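Read through the structure below, which is laid out as structure tokens, and then see the notes.
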Protein chains: 2
Amino acid sequence: MRIVKEAAERKNEILDAAAELFAAKGYEETSTGDILDRVGIARGTLYYHFKSKEDILDALIDRVNGILIARAKEAAADRSLPVVERLIRTIMSLNVTGEAGIGHEVLEQVHKPQNALMHQKMQQTLLDGVVPVLTSLVEEGNAQGVFHVKYPRETTEMLVLYPVTVFDECFQQTPEQLANRVQAFIHNTEILLGAEEGSMAVPMATLFEQGL
Amino acid sequence: MRIVKEAAERKNEILDAAAELFAAKGYEETSTGDILDRVGIARGTLYYHFKSKEDILDALIDRVNGILIARAKEAAADRSLPVVERLIRTIMSLNVTGEAGIGHEVLEQVHKPQNALMHQKMQQTLLDGVVPVLTSLVEEGNAQGVFHVKYPRETTEMLVLYPVTVFDECFQQTPEQLANRVQAFIHNTEILLGAEEGSMAVPMATLFEQGL
DNA sequence: CTTAACCGACAGACTGTCGGTCTAAAACGA
DNA sequence: TCGTTTTAGACCGACAGTCTGTCGGTTAAG
């Protein structure tokens with residue numbers, strides 16, 4: 001008794017299954033057979049919808065990152081808030097630690113050494129998506145005179161790179177190490193942006209307390 | 001006619017072969033069979049010396065990184081030079097683009113998306129090795145009053161992270177994009193370290209011209 | 001009747017294991 | 001000192017088990 005569905009629907013079923021499995025076991029450790037079993041389809045069906053296992057990973061990353069970048073854009077767009085606040089919220093929107101919702105389990109898994117490919121791909125597309133958004137925020141701050149940044153694009157790159165790399169391994173660093181890094185990151189952000197001392201520290205600290 | 005060698009020697013032969021193959025085809029694309037053929041040994045021999053394919057990768061990375069970190073330490077230790085100069089040289093010692101010698105081909109290959117695992121492992125161990133060296137340099141600069149860094153460790157992390165991540169993909173960015181990033185990096189280094197404007201730009205520019 | 005979705009057997013490749021073999025050198029007896 | 005035995009480390013290659021991707025054929029729905 002064969003069940004036929006629309007391509008888009010099947011594709012999503014496969015992605016859902018892959019997300020759970022990658023989250024539970026990692027990308028390399030998950031076989032296409034595992035996905036087959038979970039979705040309840042045959043080998044050929046999977047390869048009818050996706051051209052390879054890696055293709056599934058790519059689609060999954062697109063999906064997760066799409067959500068992340070949408071949230072970042074949303075945070076950046078709220079023109080009722082001062083630039084500093086928006087910038088902070090945008091960066092913080094990438095911090096998904098301990099958050100429920102789509103992709104959370106995936107993101108937890110991303111950092112294990114097994115999942116280097118997943119990690120790298122996510123990081124890359126995330127950077128590509130977020131840097132432009134943040135850059136225009138920085139330029140806006142420049143125009144308002146609250147920031148003084150000579151190379152907005154590249155400075156933004158530095159600013160995003162640090163947290164996504166370093167706050168990643170949040171489970172394998174001591175709480176005080178983490179706290180140090182947070183402190184240092186805030187401080188260095190102010191310095192890099194040429195912002196007034198404390199102008200980011202205060203609102204960021206508030207957000208962090210809410211978040212953690 | 002079976003050839004017997006000392007374990008250390010065979011191990012090195014295997015690593016040499018693996019280095020060339022990983023460099024030419026990448027880690028994932030290289031099979032253990034390829035290595036077997038090149039060294040001219042049997043399957044069992046390889047697994048007598050290494051417990052898995054990944055174990056070979058780890059050993060190879062240790063070898064390459066050992067050299068890199070040794071060079072960095074050397075650059076940092078030359079107390080006849082001013083701190084600024086030593087710091088620059090230390091950072092630049094990680095830039096191996098277009099350089100001959102052991103590991104060069106490997107490092108060229110590291111950046112291809114296929115080699116995510118290799119890339120991640122190298123980056124991690126490199127960071128772990130270099131950050132302490134640079135941190136103590138920064139602290140020395142603080143003591144001399146040429147730097148003014150509140151969080152030496154974490155600032156160093158930021159400083160190393162940017163070039164190793166971004167200058168990596170040097171072949172897939174336009175020359176002007178690269179130039180921008182170099183300029184920006186130098187400028188932001190000065191800012192982050194609280195160094196005098198131009199104090200790094202001048203010596204660094206000199207070194208870059210020699211290097212490229 | 002047409003076509004998009006689906007099936008599952010199969011080819012091909014790869015990793016790691018295991019029992020057994022070889023060799024160089026140490027240990028030994030004469 | 002010289003031949004013999006023993007030992008242990010290095011080595012071999014067949015093989016089990018797993019996995020990915022393919023392909024010709026089948027089925028449901030419009």
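A quick note: this is a predicted structure, and the numbers were derived from the prediction, not measured. In what follows, chains carry the letters A, B, and so on, assigned in the order in which the sequence lines appear, proteins first and then strands, with residues in each chain numbered from 1. Computed from heavy atoms alone, side chains included, the values below leave out hydrogens, waters and symmetry copies.
At least one side-chain nitrogen or oxygen of A/Tyr48 sits closer than 4.0 Å to the OP1 or OP2 atom of C/dA5. Taking 4.0 angstrom as the limit, B/His49 places a side-chain polar atom (N or O) nearer than this to OP1 or OP2 of D/dC11. Contact annotation: B/Thr45 does not reach the phosphate of D/dA10 (side-chain N/O to OP1 or OP2, under 4.0 Å).
Pairs of residues two or more places apart, or lying in two chains, that qualify as salt bridge (Lys or Arg N to Asp or Glu O under 4.0 Å) and include a residue from residues 35-44 of chain A are A/Glu20-A/Arg38.
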Classify every nucleotide of nucleotides 9-17 of chain C by which part a protein heavy atom approaches to under 4.0 Å, writing B for the base, S for the sugar-phosphate alone and - for neither, in 5'-to-3' order. B----SBBB
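The shortest side-chain heavy-atom distance between B/Lys150 and A/Gln183 does not fall under the 4.5 Å cut-off.
Distance check: A/Met200 CE to A/Ile191 CD1 gives 12.5 Å after rounding to the nearest 0.5 Å. Interatomic distance, B/Met122 CE to B/Asn65 CG, rounded to the nearest 0.5 Å: 4.0 Å.
Partners of B/Glu13 by side chain to side chain donor-acceptor pair (under 3.5 Å), not counting sequence neighbours, listed by chain and number: B/Lys5, B/Arg10. Checked against side chain to side chain donor-acceptor pair (under 3.5 Å), A/Asp58 has the following partners two or more places apart in sequence or in another chain: A/Lys121.
Atom CD of B/Glu176 has 12 or fewer heavy atoms from other residues, nucleotides or ligands within 6.0 Å.
Residues of residues 8-17 of chain B that place a heavy atom closer than 4.0 Å to DNA chain D, in numerical order, are B/Arg10.
Closest approach of B/Ala18 and B/Ile56 over heavy atoms only: CB-CG2, 3.7 Å.
A/Ile35 places its CD1 atom 12 Å from the P atom of D/dC19, with the value rounded to the nearest Å.
A/Leu46 comes within contact range of no nucleotide atom at all, as no heavy-atom separation falls under 4.0 Å.
Side chain to side chain, B/Asn188 and A/Thr155 meet the donor-acceptor criterion of an N or O pair below 3.5 Å.
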When you compare the protein's N or O atoms with those of nucleotides 20-23 of chain C, which come within less than 3.5 Å of each other, and at what distance?
from	atom 1	to	atom 2	distance (Å)
C/dT21	O2	B/Arg2	NH1	2.9
C/dT21	O2	B/Arg2	NH2	3.4

Start with the C-alpha gap between A/Lys11 and A/Asp16, add the side-chain angles, then the distance that decides, and say whether salt bridge (Lys or Arg N to Asp or Glu O under 4.0 Å) holds. CA-CA 9 Å; A/Lys11 257 185 150 163; A/Asp16 289 341; over 6 Å; no
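With salt bridges taken as basic N to acidic carboxylate O contacts below 4.0 Å, one links B/Glu140 and B/Arg79.
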